[in-house]
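Below is one structure, written out as structure tokens; comments come after it.
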Amino acid sequence: MLFETILSLFLSATTPQTATLVFAGDAMQHQKQIDVAKVEKGVYDYSGCFENITPWISDADYAVVNLETPLGDSNFTGYPCFNAPVSYAEALKSAGFDLFLTANNHTLDRRDAGLRRTIALLDSLEVDHIGTYCNATSRDSLLPLIKDINGFKVGFLNYTYGTNGIQPRNDVVVDMIDKELIKSDVTNARELGAEILVVAIHWGVEYVLLPPAQVKELANFLCQQDVDLIIGGHPHVIQPMEMRSHPESGRKQLLVYSLGNLISNMRTRDTRGGAMVKVTLDRDSLGVATVKEAEYMPHFTVPPVTSKDNFSVVLLPESSPVDSVIPAQWRPAARAWLNSVIPVFNKHNIDVRRAK
């Protein structure tokens, strides 16, 4: 008994008191991205796409990205029905992403067979993934996903507003936004030991920089369920971030309405970039896990400059001028993007600062 007590005290003293999580937005795969990544028939190289952001992602203890395309073996296509090579997911994994979100409006672009194939390919890469399942039994066995991240038990859930009108068939499951389902999943995750709970949610209206009333109402609902981190995607543009306090417990809750695009070939001003958010977890004096703070990192997608180049995501920290990191021909577009989105963050963010 004495040995067990001493061991418990030792483990408590040596357990890290903080952990960092990174969340990225929509990893799109348009036809131009597929075309420039092609090396030869059946071979696609995306290794250069994420080189600039890899250090920031890999520095975190756990990183999450929304994979907004099915994965396939052939017949690769961009919008409107996506299908990307598995090497695209391999490049995201190599950049440091640990968890792939698959509940989004494009997850059934290649119907139920594409959903199953995507799951199989992600399994072959040995990465975590949630949001879609081969059947209900598989969902029950995999959810809630609870990861031990530096001693913090962190639970993850993922939902989407829809699948572009394509219905799941042959028993496949796509986690849709349903308040009763979410309440049940949240309760189950807490009962199974999740100290910190993350809900990644595909919602909102595309191309608008502020969330609509319906999204705000759903966000308030999630906060009332005592969710610690609410991470939004789908609008393809950034939307504000808020650090809230739960009205009863006082616990901090991070609400991110939209992280925008991680990478894409979208070409309107506000769709050319996005933001990653880095969250630090802490423990209070009683050892209770809490959200300590969050900061965001803007990033811009640089299209190919020459025929030998690929698309590349470039970080834009507060300390880094556009001219120092963006090729000359894309500097006007990068400045226009920054001049549009940073004022939104400055005006509407609550206690979430820009990374330096």
Side-chain angles (χ1 to χ4, degrees), residues 22-28 64-66 68 101 103-106 158-162 164 176-177 179 182 198-225 227-247 252-264 266-279 291 293-301 313 315-318 333-355:
V22 160
F23 298 90
D26 302 337
M28 310 299 295
V64 182
V65 64
N66 175 47
E68 194 149 352
L101 308 172
N104 56 65
N105 58 305
H106 286 286
N158 179 211
Y159 307 93
T160 180
Y161 75 92
N164 292 343
M176 303 290 192
I177 296 172
K179 288 184 178 180
I182 293 172
V198 181
V199 170
I201 190 161
H202 213 68
W203 61 3
V205 179
E206 292 178 314
Y207 316 125
V208 296
L209 294 170
L210 295 176
Q214 184 179 16
V215 166
K216 290 183 177 181
E217 187 277 330
L218 184 54
N220 290 336
F221 165 79
L222 292 170
C223 287
Q224 291 164 6
Q225 305 312 305
V227 173
D228 298 286
L229 303 173
I230 303 162
I231 309 296
H234 173 63
H236 301 302
V237 297
I238 64 91
Q239 291 178 352
M241 310 173 182
E242 303 175 4
M243 189 70 80
R244 296 185 174 187
S245 295
H246 191 277
K252 287 185 177 181
Q253 298 172 294
L254 176 66
L255 167 60
V256 177
Y257 282 111
S258 174
L259 289 170
N261 291 327
L262 173 65
I263 190 170
S264 79
M266 291 186 174
R267 288 169 285 184
T268 56
R269 182 192 63 191
D270 294 341
T271 62
R272 287 185 173 274
M276 288 183 285
V277 62
K278 181 175 288 185
V279 183
V291 177
E293 60 187 4
E295 63 178 2
Y296 74 90
M297 174 66 79
H299 51 77
F300 182 81
T301 297
V313 184
L315 300 180
L316 295 172
E318 193 171 13
R335 291 194 194 96
W337 179 78
L338 276 176
N339 290 338
S340 178
V341 304
I342 297 302
V344 173
F345 283 141
N346 289 343
K347 182 177 181 180
H348 297 281
N349 276 20
I350 300 175
D351 294 333
V352 183
R353 65 185 184 276
R354 182 178 176 183

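Contact of the L262 side chain with the H299 side chain is registered, since non-hydrogen atoms from C-beta on lie closer than 4.5 Å. C223 places a side-chain heavy atom less than 4.5 Å from the side chain of I230. Considering only heavy atoms from C-beta on, H234 stays 4.5 Å or farther from T160 through its side chain. Looking at heavy atoms from C-beta onward, L218 lies in side-chain contact with I177 at the 4.5 angstrom threshold. Between V291 and M243, the closest side-chain pair of non-hydrogen atoms falls below 4.5 Å. Contact of the P235 side chain with the V208 side chain is not registered, since no non-hydrogen atoms from C-beta on lie closer than 4.5 Å. For the pair N220/R244, a side-chain contact is recorded, criterion being any heavy-atom separation below 4.5 Å from C-beta on. W203 places none of its side-chain heavy atoms less than 4.5 Å from the side chain of Y159.
Atoms OH and NZ, from Y257 and K216 in turn, are 6.0 Å apart once rounded to the nearest 0.5 Å. Note that the CD atom of E318 and the CD atom of E295 stand 10.5 Å from one another [nearest 0.5 Å]. How far CZ of R354 is from CE of M241: 11.5 Å, rounded to the nearest 0.5 Å. Rounded to the nearest 0.5 angstrom, S264 OG and M28 CE are separated by 7.0 Å.
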Q.
Using side-chain contact (heavy atoms from CB on, under 4.5 Å), reason through S340 and L209 one step at a time and then give a plain yes or no.
A. CA-CA 9 Å; S340 178; L209 294 170; 3.8 Å; yes

**Q.** Worked verdict on I238 versus Y296 for side-chain contact (heavy atoms from CB on, under 4.5 Å)
**A.** CA-CA 11 Å; I238 64 91; Y296 74 90; over 6 Å; no

Q. When you look at L222 and I201, which way does the side-chain contact (heavy atoms from CB on, under 4.5 Å) test go after all the steps?
A. CA-CA 10 Å; L222 292 170; I201 190 161; 4.1 Å; yes

(Q) Using side-chain contact (heavy atoms from CB on, under 4.5 Å), reason through Y207 and D270 one step at a time and then give a plain yes or no. (A) CA-CA 7 Å; Y207 316 125; D270 294 341; over 6 Å; no

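More than 12 heavy atoms of other residues, nucleotides or ligands shown are found within 6.0 angstrom of NZ on K179. Other residues, nucleotides and ligands contribute at most 12 non-hydrogen atoms within 6.0 Å of the CD atom of Q214.
Judged by distance alone, the side chain of Q253 and the main-chain N or O of V227 form a donor-acceptor pair under 3.5 Å. Side chain of N105 to main chain of G162: no donor-acceptor pair is present (N/O by atom type, distance under 3.5 Å, no hydrogens or angles). A side-chain donor-acceptor contact under 3.5 Å links N158 to the backbone of A103.
Contact check on R353 versus E293 returns a salt bridge, with a Lys/Arg side-chain nitrogen under 4.0 Å from an Asp/Glu carboxylate oxygen.
Taking every heavy atom of both residues into account, P343 and L338 meet most closely at CD-O, 3.6 Å.
Taking the six-membered ring where the residue is Trp, Y161 and H202 present parallel rings, their angle staying beneath 30° rather than reaching 60°.
Shown here are the salt bridge (Lys or Arg N to Asp or Glu O under 4.0 Å) partners of K252, two or more places apart in sequence or in another chain: there are none.
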